[in-house]
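Everything below concerns the one structure shown next.
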Protein chains: 2
Amino acid sequence: MRPSIKQVAHLAGVSIATVSRLLNKPGSVSAETAEKIHRSIAELGFRPNFTGRNLRAGNSRTVGVVVPTLSNTVFAQCLQGIELAARALDYSVMFTTTEYLPEEESAAVELLLGHRVDGVILTVADAGSNATLDLLERERIPFVLTYNQLATSGPTTHRASVSVDNRAAACDAVAHLIGLGHRRIQMLSGRFNASDRAMQRYYGYLDAMQAAGLAPLPAIEVERHTLTAATDYQQMMADPLQRPTALFCSNDLLALSAMRDLRALGLQVPGDISVMGFDGIPVGALMAPVLASVVQPSERIGDVALRTLVEAIERAVPAAADGPSSQSPQSAQPALRHILPHVLREGGSVAPPPAAHSLS
Amino acid sequence: MRPSIKQVAHLAGVSIATVSRLLNKPGSVSAETAEKIHRSIAELGFRPNFTGRNLRAGNSRTVGVVVPTLSNTVFAQCLQGIELAARALDYSVMFTTTEYLPEEESAAVELLLGHRVDGVILTVADAGSNATLDLLERERIPFVLTYNQLATSGPTTHRASVSVDNRAAACDAVAHLIGLGHRRIQMLSGRFNASDRAMQRYYGYLDAMQAAGLAPLPAIEVERHTLTAATDYQQMMADPLQRPTALFCSNDLLALSAMRDLRALGLQVPGDISVMGFDGIPVGALMAPVLASVVQPSERIGDVALRTLVEAIERAVPAAADGPSSQSPQSAQPALRHILPHVLREGGSVAPPPAAHSLS
DNA sequence: ATGAAAGCGCTAACAT
DNA sequence: ATGTTAGCGCTTTCAT
């Protein structure tokens, strides 16, 4: 076994309490005792065991993170933002993936709760009605949603989320296409039941179309990265009369896949058809043409989520030395539903519709 | 406080030992007692506390992961592979980032060791001489390197690593360019002191050039994603006579940035200059032209690394019920230096050199 | 099959 | 300023 506080105490000829004190508030130990202890620590290569500390303290200074996948850059960036902020605040990160399977969400959270994480950051398939979130709430574990955007009203307004305004952002994107002269705009989306964001973005599409007096089309839902399997998509693209002049995709990976498939069909982007994405993944800006997209600040989403979570955690366990004149034991809840600004990235993948269409 | 094994025992009218037994080997508890306990567990919503278990058992069934960044898809995919495999083997993952700063490596590992992870998977700046790895070894914590490729001989051959053969892979890539008729090939690389892989890939470049009797050029080292700052690069590209006909980049993000910059300079890829990457990030295959690259199986690297690590962990703490006739207490070390196969992805970013050059 | 009790490493009263 | 001690949740002898 590795050296414990006990061996250190023994070697330094003091009690374990003194060693513990030195580790926690060094001020309360005399200089020469501290000196002796430090030497023993160095000699033994002692490293405090968080497990012991956590068991005793009842908290772990660890947060759990649950995301659908790391294959999508968006979540990787978010996790990056979480980790950076966590390190700055002296928290550790334990993380899991769900592969977009709702049933994995609860298993993932169960595991994290077993480790006694102090809080959880997650992106779920559907935040609207979600047994996992209910569990977290019942167990009084602070949690913050990322990308999931909670409703403004309803029974869950007290929950925390960090996202862009998906509906408004999608509306902006589609309005941009309309402004360019597009009339026939098709939305391509990931499965709605795996992503409530996708649904919100479709509503944004509807908003923009209706505001312009255009006839919205039903969204085409596709499995991720496999457009070729969507036969309605294939048919639509094959017929020049039926074909939309612009595609609005619910995420950038989908947009990129769509562009690849369009090329395979012999179609030019944006010459024959424009493509707009959503997410604003960094590589999109390196390509030619640049992928037009709605840029979400993914790393910031992670950063804000972590800070919000830590705030909630430390509010739940009020800081010890708070003085008797502490203002309010149940201080007012800070803002919970964080809506971060999105930016429309214009890019060469979008242009006015081909002449034949703009005349019609 | 959350319900503990104690409350469960009390409610079920048994001792805590019996509850513990039911949780660990259910066979040793009578059916009716089990029934009672299960009811109590359900009623209280009891969930075993890993902290207590870990403290007692001296292991955590948790592995630590240290990667430079998650902004590079390569590491995100690797982490994805690690997490998947970990979940399959019932391990949890705690992870940290170093931002490519060698000094962060030791801090990250210190933190993980504080949490008493059972082992560590890491990608370091330089695996050749690395204080953090020495520490891990001194503390007898199993670890596996990813992407870092250990030397075949030397003082560290007993260490474990999972990677492609960087030098051979780079050589293949450059040989491919040479086969296409390129003579003047420039390597663009991330900082060697932040990535020993980059250095190994440069050696591969040298191998290929020398094998073809061509004059190798010194590599141009650039900060990640900011080619514009490299003045020697700018100068070289501006002069049509000095300009190479092909660029070999030590990673795909660099290759993509380079292509963007070349476009800004008015150069065509591959018309004026070919660009070859390294990593084989998935988006590279979605672009037009497709980014030619050396594909590393990043997710598999993570998968293999985790399985190798777990093997080492469970070898260190030999399984309890092993029987007295256990073959060898110190069984022979399995293969440690995993070299996974790479694949050369041909793509439109690479073509024969422009006519003027191929004549020379 | 079950219980009693010790102890993993640590912190926080409570003494002194 | 320092020591003594109880106990966080759990597993595991050792009895019964």
Side-chain angles (χ1 to χ4, degrees), chain A residues 1-38 40-41 44-62 113-118 139 317 319-321, chain B residues 1-38 40-41 44-62 113-118 139 317 319-321:
Chain A
M1 217 43 313
R2 241 153 272 293
S4 79
I5 204 176
K6 207 164 161 182
Q7 348 260 22
V8 174
H10 182 73
L11 181 58
V14 298
S15 78
I16 60 168
T18 307
V19 178
S20 175
R21 265 188 287 260
L22 178 64
L23 262 34
N24 296 302
K25 27 183 162 102
S28 60
V29 173
S30 82
E32 62 175 340
T33 319
E35 174 60 22
K36 273 191 304 187
I37 299 178
H38 275 131
S40 309
I41 288 178
L44 293 169
F46 166 79
R47 192 193 328 277
N49 183 334
F50 293 169
T51 313
R53 187 199 301 258
N54 298 345
L55 183 55
R56 171 67 217 228
N59 74 307
S60 58
R61 278 196 100 76
T62 298
L113 293 186
H115 281 287
R116 291 304 189 264
V117 296
D118 294 342
E139 305 253 353
V317 181
Chain B
M1 216 42 316
R2 241 153 272 294
S4 78
I5 204 177
K6 206 164 161 183
Q7 348 260 19
V8 174
H10 182 74
L11 181 58
V14 299
S15 78
I16 61 168
T18 306
V19 178
S20 174
R21 267 189 284 261
L22 178 65
L23 263 33
N24 297 302
K25 29 183 164 105
S28 60
V29 173
S30 82
E32 64 175 337
T33 318
E35 175 60 24
K36 273 191 305 186
I37 298 178
H38 276 131
S40 308
I41 288 179
L44 293 170
F46 166 78
R47 190 193 329 276
N49 183 334
F50 293 168
T51 313
R53 188 198 300 259
N54 298 345
L55 183 56
R56 171 68 217 229
N59 74 305
S60 57
R61 277 197 100 76
T62 299
L113 293 185
H115 282 287
R116 291 304 188 264
V117 295
D118 293 343
E139 304 254 353
V317 182

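The figures here come from the full heavy-atom set of this structure, side chains too, leaving out hydrogens, waters and symmetry mates. Chain letters run A, B, ... following the sequence lines, proteins first, then strands; residues in each count from 1. For clarity, every value in this text was computed on a predicted model and none was experimentally measured.
Using a 4.5 Å heavy-atom threshold, the side chains of A:R53 and A:N24 count as touching. Contact check for A:T33 versus A:V14: side-chain heavy atoms found under the 4.5 Å cut-off.
Under 4.0 angstrom from either OP1 or OP2 of D:dT2 there lies no side-chain N or O belonging to A:T18. Taking 4.0 angstrom as the limit, B:S4 places none of its side-chain polar atoms (N or O) nearer than this to OP1 or OP2 of D:dC8. Put simply, A:S20 has a side-chain N or O that comes within less than 4.0 Å of OP1 or OP2 on C:dT11. Contact check, A:T33 against D:dT2: a side-chain N or O comes under 4.0 Å of OP1 or OP2. Note on A:R53: every side-chain N or O is 4.0 Å or more away from OP1 and OP2 of C:dG9. The side chain of A:T51 places no N or O atom within less than 4.0 Å of a non-bridging phosphate oxygen (OP1 or OP2) of C:dC10.
Counting atom types as modelled, A:R56 pairs no side-chain N or O with a base atom of D:dG9 as donor and acceptor under 3.5 Å. Judged by distance alone, with hydrogens and angles left aside, A:R47 brings no side-chain donor or acceptor close enough to the base of C:dG9 to form a pair under 3.5 Å.
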- Message: Between B:S60 and B:N54, does the side chain to side chain donor-acceptor pair (under 3.5 Å) criterion hold? Intermediate values first, please.
- Response: CA-CA 5 Å; B:S60 57; B:N54 298 345; 5.2 Å; no
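Between the C1' atom of C:dC8 and the CD1 atom of B:I16 lies a distance of 14 Å, rounded to the nearest Å. The distance from atom NZ of B:K6 to atom P of D:dA6 is 14 Å, rounded to the nearest whole Å. D:dG9 atom C1' lies 15 Å from atom CG of A:N59, rounded to whole Å. Following rounding to the nearest Å, B:I5 (CD1) and C:dA4 (P) show an atom-to-atom distance of 14 Å. Per the geometry, CG belonging to B:L55 stands 9 Å off P belonging to C:dC10, to the nearest Å. Rounded to an integer number of Å, the gap from CZ of B:R21 to P of D:dG9 is 20 Å. Between the CZ atom of B:F50 and the P atom of C:dG9 there is a distance of 20 Å, rounded to whole Å. Spacing between atom CG of B:N24 and atom P of D:dG9 amounts to 17 Å, rounded to whole angstrom units.
Looking at residues two or more places apart in sequence or on another chain, you find a side chain to side chain donor-acceptor pair (under 3.5 Å) between B:E35 and B:R39.
Looking at heavy-atom distances under 4.0 Å, A:N54 makes no contact with the nucleic acid at all.
If you find the closest nucleotide of DNA chain C to B:S30 and to B:R116, the one lying nearer the 5' end belongs to B:S30.
Distance from the side chain of B:A17 is smallest for C:dG3 among the nucleotides D:dG3, C:dG3, D:dC8.
The list of side chain to side chain donor-acceptor pair (under 3.5 Å) pairs with a residue in residues 6-16 of chain A, not counting sequence neighbours, reads A:S15-A:T18.
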